[in-house]
Amino acid sequence: MTALVTAPARLGETRLPDGRLLGWAEWGPPDGVPVLFCPGAATSRRLGFGGGVVEALGVRLVSVDRPGLGASTPHPGRTFADFAADMRALCDLRELGRPAVVGNSQGAPFALACAEAGVARALALVSAADEVAAPDFAALLPAELRALTERAVRDPSGAEEFFAGFDADAMWSMVMGGSPDRDLAVYRDPDFSAAYRRALAEGFAQGAAAGYARDTVLAMSRWPFALDAVTVPVDIWYGEQDTGHSPDNGALLATRIRGARRHVVPGIGGALLWTHAEPVLTSLLRHHPLACAKPRSGPRA
C-alpha cells in the first residue's frame, strides 16, 4: 500500500484579530497551489491526505483545527458564518489568497460555509456529511440517527451536552464498527491507524465540549446557508460502499448545488479521501489559475 498519510511538513498557530489561535498543518511546497482542508469529525490538523501526491501536483495543502480542536482556541456558540470568517482571516494572514477547499466527512458543511461566504475558489466534498436534518431524508435515516437528528434540531443545547460525552476511543470504535471491509483495510494499516488515532487524541485533547460537540450539532441541524447560492465549481465524491455519510451518496445534495458534479467510486466507502487523493486534488486544480500557470511534475503512482 502506498503512503496514505505523511507527517506534516510545517506546523504552526496563527493568532486571529480577536486573539484566538488557529492551529494549522501544511504539506507540499510552500509556494504551491493553496488548498484549504476542513478535516472530518474530531480529527486534528495532523491528519492530512495525499501522501506524495501533493508534492507531485505542486499543492500546498493547509489543514486547520476548528475552534476547540487540537491547537485551536475554543469559540463557544460559534456558527458556520463564524468559521468562514475565521478562514477568511487565516487566508489573509497566511497569504493563501482565495484557495480551493476540501471538506471531508463532518468538515463538509464547514467547507460549504466557506464557499457560500466567498472564501473558496472551488470545492471538493469528499464522503460528505449530508444535511440529514433536511425533510427529504426523514424516512431514509436509521431510527437512532433520526432520533439524534431530531434532538439536534429541537434541543441543540441538550444535544451538544450529549455529544460532549464522546472521547477519542469512542470515536475510533464508532468508525471501526461501522465501516466496510475495504475501509477497514485502510484504517488498519499501521501507519494510517497511528496517524488517525493521534489526530483523534489531539482533536479531543481539550474535551469534546470544547469543539467536537458544537461541530456535531451544527452539522446535524438544518444548515443555515442556501446551497443554491454556491456558485463556485463543486465536485462531490462518495465511495459506493459508504453507508454512513449520506442516505443517498449525495444524489440530493448534488441537485441542490448548481453545476455540482457527483462522483460515486466503486470498491471503497468512507476512506475514499485517502485512496483517491489524486483525482480529488486534480479536480480542484482545474479551477485554479495558479495551477494552470505553474509547470509541475506529473503525479507519482
Side-chain angles (χ1 to χ4, degrees), residues 3-14 16 20-30 32-55 57-73 83-84 86-91 93-115 119-129 168 171 191-192 194-206 211-212 215 237 271-274 276-278 280-281 284-285 288:
L4 300 173
V5 290
T6 55
R10 297 168 293 279
L11 282 172
E13 294 87 37
T14 293
L16 297 172
R20 289 180 295 116
L21 291 175
L22 279 184
W24 50 264
E26 292 191 3
W27 293 259
V33 179
V35 175
L36 187 67
F37 179 42
C38 299
T43 52
S44 76
R45 58 186 169 166
R46 285 182 182 268
L47 188 65
F49 67 97
V53 174
V54 291
E55 291 83 3
L57 292 178
V59 166
R60 177 189 176 190
L61 181 68
V62 184
S63 178
V64 182
D65 287 334
R66 288 189 289 279
L69 302 181
S72 291
T73 308
F83 176 78
D86 285 350
M87 293 305 98
R88 189 186 303 279
L90 180 72
C91 289
L93 293 166
R94 295 288 301 154
E95 298 183 345
L96 302 179
R98 190 177 173 215
V101 177
V102 176
N104 175 238
S105 186
Q106 195 175 87
F110 293 92
L112 277 164
C114 290
V119 176
R121 180 183 301 274
L123 196 60
L125 304 177
V126 186
S127 305
M171 182 62 64
D191 291 336
F192 185 88
Y196 199 156
R197 299 207 70 167
R198 178 175 183 174
L200 285 173
E202 291 181 345
F204 282 105
Q206 300 182 68
Y212 166 73
D215 279 359
W237 299 81
L272 174 69
L273 179 69
W274 296 282
H276 289 73
E278 184 178 325
V280 168
L281 288 169
L284 288 173
L285 293 178
H288 203 296

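Reckoned from all heavy atoms, side chains included, excluding hydrogens, waters and symmetry mates.
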Student check: side-chain heavy atoms of [X] and [Y] closer than 4.5 Å:
{"X": "Ser72", "Y": "Leu22", "value": "yes"}
{"X": "Leu47", "Y": "Val5", "value": "yes"}
{"X": "Met87", "Y": "Phe110", "value": "no"}

Nearest 0.5 Å please: distance from the [atom1] atom of [X] over to the [atom2] atom of [Y].
{"X": "Leu16", "Y": "Leu21", "atom1": "CG", "atom2": "CG", "answer": "7.5 Å"}
{"X": "Cys38", "Y": "Leu125", "atom1": "SG", "atom2": "CG", "answer": "9.5 Å"}
{"X": "Arg94", "Y": "Trp24", "atom1": "CZ", "atom2": "CH2", "answer": "3.5 Å"}
{"X": "Asp86", "Y": "Leu93", "atom1": "CG", "atom2": "CG", "answer": "10.5 Å"}
{"X": "Leu284", "Y": "Leu36", "atom1": "CG", "atom2": "CG", "answer": "11.0 Å"}

[X] (side chain) donor-acceptor with [Y] (main chain) under 3.5 angstrom:
{"X": "Glu55", "Y": "Gly52", "answer": "yes"}
{"X": "Arg66", "Y": "Pro39", "answer": "yes"}
{"X": "Glu202", "Y": "Thr43", "answer": "no"}
{"X": "Arg121", "Y": "Pro99", "answer": "no"}
{"X": "Trp27", "Y": "Thr6", "answer": "yes"}
{"X": "Arg10", "Y": "Gly28", "answer": "yes"}

For [X] versus [Y], what's the shortest heavy-atom pair and its separation?
{"X": "Ser44", "Y": "Gly203", "result": "CB-N, 4.1 Å"}
{"X": "Ala277", "Y": "Gly50", "result": "CB-CA, 3.5 Å"}
{"X": "Ala115", "Y": "Ala120", "result": "CA-CB, 3.9 Å"}
{"X": "Ala129", "Y": "Ala108", "result": "N-CB, 4.1 Å"}
{"X": "Leu200", "Y": "Met171", "result": "CD2-CG, 3.6 Å"}

Audit row: Leu123, Leu112, side-chain contact (heavy atoms from CB on, under 4.5 Å) steps and yes/no: CA-CA 8 Å; Leu123 196 60; Leu112 277 164; 3.7 Å; yes
Determine the sole option in Arg45, Arg60, Arg46 for which the salt bridge (charged side-chain N to carboxylate O under 4.0 Å, His left out) test with Glu26 is passed. Arg60
Could you check Val102 against Phe49 for side-chain contact (heavy atoms from CB on, under 4.5 Å), going step by step and ending with a plain yes or no? CA-CA 11 Å; Val102 176; Phe49 67 97; 4.1 Å; yes
Measure the acute angle between the ring planes of Tyr196 and Trp274, then classify it against the limits of 30° and 60° as parallel, tilted or perpendicular.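 Tilted: the ring planes of Tyr196 and Trp274 meet at 30° to 60°.
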Going through the checks in order, is the side-chain contact (heavy atoms from CB on, under 4.5 Å) test met by Val54 and Val35? CA-CA 10 Å; Val54 291; Val35 175; over 6 Å; no
Consider side chain to side chain contact (heavy atoms under 4.5 Å, CB included). Of Asn104, Val126, Val62, Val64, which one does Phe37 pass it with? Asn104
